[in-house]
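Being a predicted model, the structure only gives us computed values, none of them experimental. The analysis underlying the following values was restricted to heavy atoms, covering all of them including side chains, and did not include hydrogens, waters or symmetry mates.
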Amino acid sequence: MEWLTAPFEVAFVQRALWAGVLVSAICALAGTWVVLRGMAFLGDAMSHGLLPGVAIAALLGGNPLVGAVVSAAVMTAGVTALGRTPRLSQDTGIGLLFVGMLSLGVIIVSRSQSFAVDLTGFLFGDVLAVRESDLLLLAVALLLALIVSVLGHRVFLALAFDDRKAETLGLRPRVAHAVLLGLLALAIVATFHIVGTLLVLGLLIAPPAAALPWARGVSGVMALAALLGATSTFGGLLLSWHLSTAAGATVSALAVSLFFLSHLASAIRHRRRTHLSRSAAGPVHTPTTRPNDI
């Protein structure tokens, strides 16, 4: 069993594992609503929309995390404002913001002759470079995400199924939608420097989507998604260590693989239940008497 425990005897791998567990919990809280509301494209757009703020902060010698927070706030405000435009679909507004923010970020990077911004780190992250301060930041982000999820559970649930019903119940769906965007932004900003913007969607979407066929209720989906994310982190770090592959990408690839395995197992279970129910009902006898014979 040494091959199973040897990687996690190293300090930086231990920190990567703890970071992955915290990231999985944060992404489970936000990602469940992303999956239920069909907001995957929005999550992708917001993750890439962080680039201008990160680029400017890095070029000025500041903290890229602060730049990411500013960009996330701009994206959240933009999506909220464009969502209220009656003649513009939400997907169109999100797509325009996505392209605009990403283009602005690339322009800023291209104007830098020293290429101070590490685009590889921004896109793919470095889970093996996690510091103890990063773990503290992730713990705080998890606490905030948990508070928002608990306080907004009722309105988020109504919003996920029927916006008009939420408004009828006096739950202020527009405000709730803005808060939900803030929760999504929090998850992305807190985790992008760990697994990167391209790979954060792997833990944001795959575990909740994999948990849907097996969990009852939103809370069950969140709990199972966090468990699947942590499992993907452990397995991904283990495979990365022995196969010498990129750790963050391996974790995300394993999370996506678990999604396909989950839905394959769910399909097999559904077919088996259908077959058993038909067998229990017995053979279906068709009447031999025709209407004209009556």
Side-chain angles (χ1 to χ4, degrees), residues 1 3-5 7-8 16-44 47 127 142 145-146 149 153 156-157 160-161 183-184 187-188 191 194-196 198-243 245-284:
M1 297 294 290
W3 66 274
L4 188 63
T5 59
F8 301 100
L17 178 60
W18 279 111
V21 171
L22 292 172
V23 168
S24 298
I26 296 171
C27 289
L29 292 172
T32 298
W33 301 114
V34 170
V35 171
L36 290 177
R37 293 211 68 198
M39 297 165 56
F41 177 54
L42 175 59
D44 188 23
S47 63
V127 69
L142 175 58
L146 186 60
S149 297
H153 180 83
F156 291 164
L157 188 62
F161 295 100
L183 178 62
L184 176 59
I188 293 174
T191 59
I194 305 298
V195 294
L198 285 179
L199 302 177
V200 68
L201 288 180
L203 290 177
L204 191 66
I205 297 176
L212 278 179
W214 308 98
R216 291 185 177 181
V218 175
S219 299
V221 173
M222 290 179 176
L224 184 54
L227 178 61
L228 290 174
T231 302
S232 300
T233 300
F234 179 84
L237 290 174
L238 185 65
L239 290 174
S240 173
W241 177 274
H242 290 293
L243 300 178
T245 57
T250 306
V251 170
S252 294
L254 185 56
V256 175
S257 298
L258 288 179
F259 160 75
F260 286 111
L261 289 175
S262 171
H263 280 261
L264 177 62
S266 177
I268 294 175
R269 182 187 64 169
H270 178 71
R271 289 183 180 179
R272 183 178 179 182
R273 285 183 175 180
T274 302
H275 177 72
L276 291 176
S277 62
R278 289 178 178 177
S279 299
V284 178

**Request:** Answer yes or no: does atom CZ of Phe41 have more than 12 heavy-atom neighbours from other residues, nucleotides or ligands under 6.0 Å?
**Result:**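 Yes, the 6.0 Å shell around CZ holds more than 12 heavy atoms from other groups.
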**Request:** Tell me, yes or no, whether the heavy-atom count around His263 atom NE2, taken from other residues, nucleotides or ligands under 6.0 Å, exceeds 12.
**Result:**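 More than 12 heavy atoms, drawn from other residues, nucleotides or ligands, come within 6.0 Å of this atom.
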**Prompt:** What residue pairs, at least two apart or across chains, pass ring pair (Phe, Tyr, Trp, His ring centres under 6.0 Å) with a residue in residues 223-242?
**Reply:**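 Output for this query lists Phe8-Phe234.
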**Request:** Scan residues 207-226 for pairs that pass ring pair (Phe, Tyr, Trp, His ring centres under 6.0 Å), counting only residues two or more places apart or in two chains.
**Result:**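 Found none.
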Any heavy-atom pair between the side chains of [Y] and [X] that's under 4.5 Å?
{"X": "Leu203", "Y": "Thr191", "answer": "no"}
{"X": "Val35", "Y": "Leu212", "answer": "yes"}
{"X": "Trp33", "Y": "Leu157", "answer": "yes"}

**Prompt:** Judged by atom type as modelled, is there a donor-acceptor pair below 3.5 Å linking the side chain of Ser240 to the main-chain atoms of Thr245?
**Reply:**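 Side chain of Ser240 to backbone of Thr245, a donor-acceptor pair under 3.5 Å: yes, one is there.
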**Donor-acceptor contact present, side-chain Ser252 to main-chain Ala249, <3.5 Å** =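 The answer is no, because no donor-acceptor pair under 3.5 Å joins these two groups.
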**Request:** Tell me, please, which residues at least two apart from Ser266 pass side-chain hydrogen bond (donor to acceptor under 3.5 Å, both in side chains).
**Result:**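 Scan of Ser266 (side-chain hydrogen bond (donor to acceptor under 3.5 Å, both in side chains), adjacent residues dropped) gives none.
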**Item:** Any residue meeting side-chain hydrogen bond (donor to acceptor under 3.5 Å, both in side chains) with Thr231, in chain and number order, not counting sequence neighbours
**Value:**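 In terms of side-chain hydrogen bond (donor to acceptor under 3.5 Å, both in side chains), with neighbours along the sequence ignored, Thr231 is linked to no residue.
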Can you name the closest pair of heavy atoms from [X] and [Y] and give their distance?
{"X": "Gly236", "Y": "Leu254", "value": "N-CD2, 3.4 Å"}
{"X": "Ser24", "Y": "Ala230", "value": "OG-N, 3.4 Å"}
{"X": "Ala211", "Y": "Ala225", "value": "CB-N, 3.9 Å"}
{"X": "Pro213", "Y": "Arg269", "value": "O-NH2, 3.1 Å"}
{"X": "Ala206", "Y": "Phe259", "value": "O-CB, 4.0 Å"}

**Message:** Holding to side-chain contact (heavy atoms from CB on, under 4.5 Å), I want the full list of residues that pass it with Leu184, two or more places apart in sequence or in another chain.
**Reply:**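 side-chain contact (heavy atoms from CB on, under 4.5 Å) list for Leu184, sorted by chain: Val34, Met39, Leu42, Met46, Ile188, Leu204.
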**Non-neighbouring partners of Leu239 that pass side-chain contact (heavy atoms from CB on, under 4.5 Å), sequence neighbours left out** =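 With sequence neighbours excluded, Leu239 shows a side-chain contact (heavy atoms from CB on, under 4.5 Å) to Leu243, Thr250, given in chain and number order.
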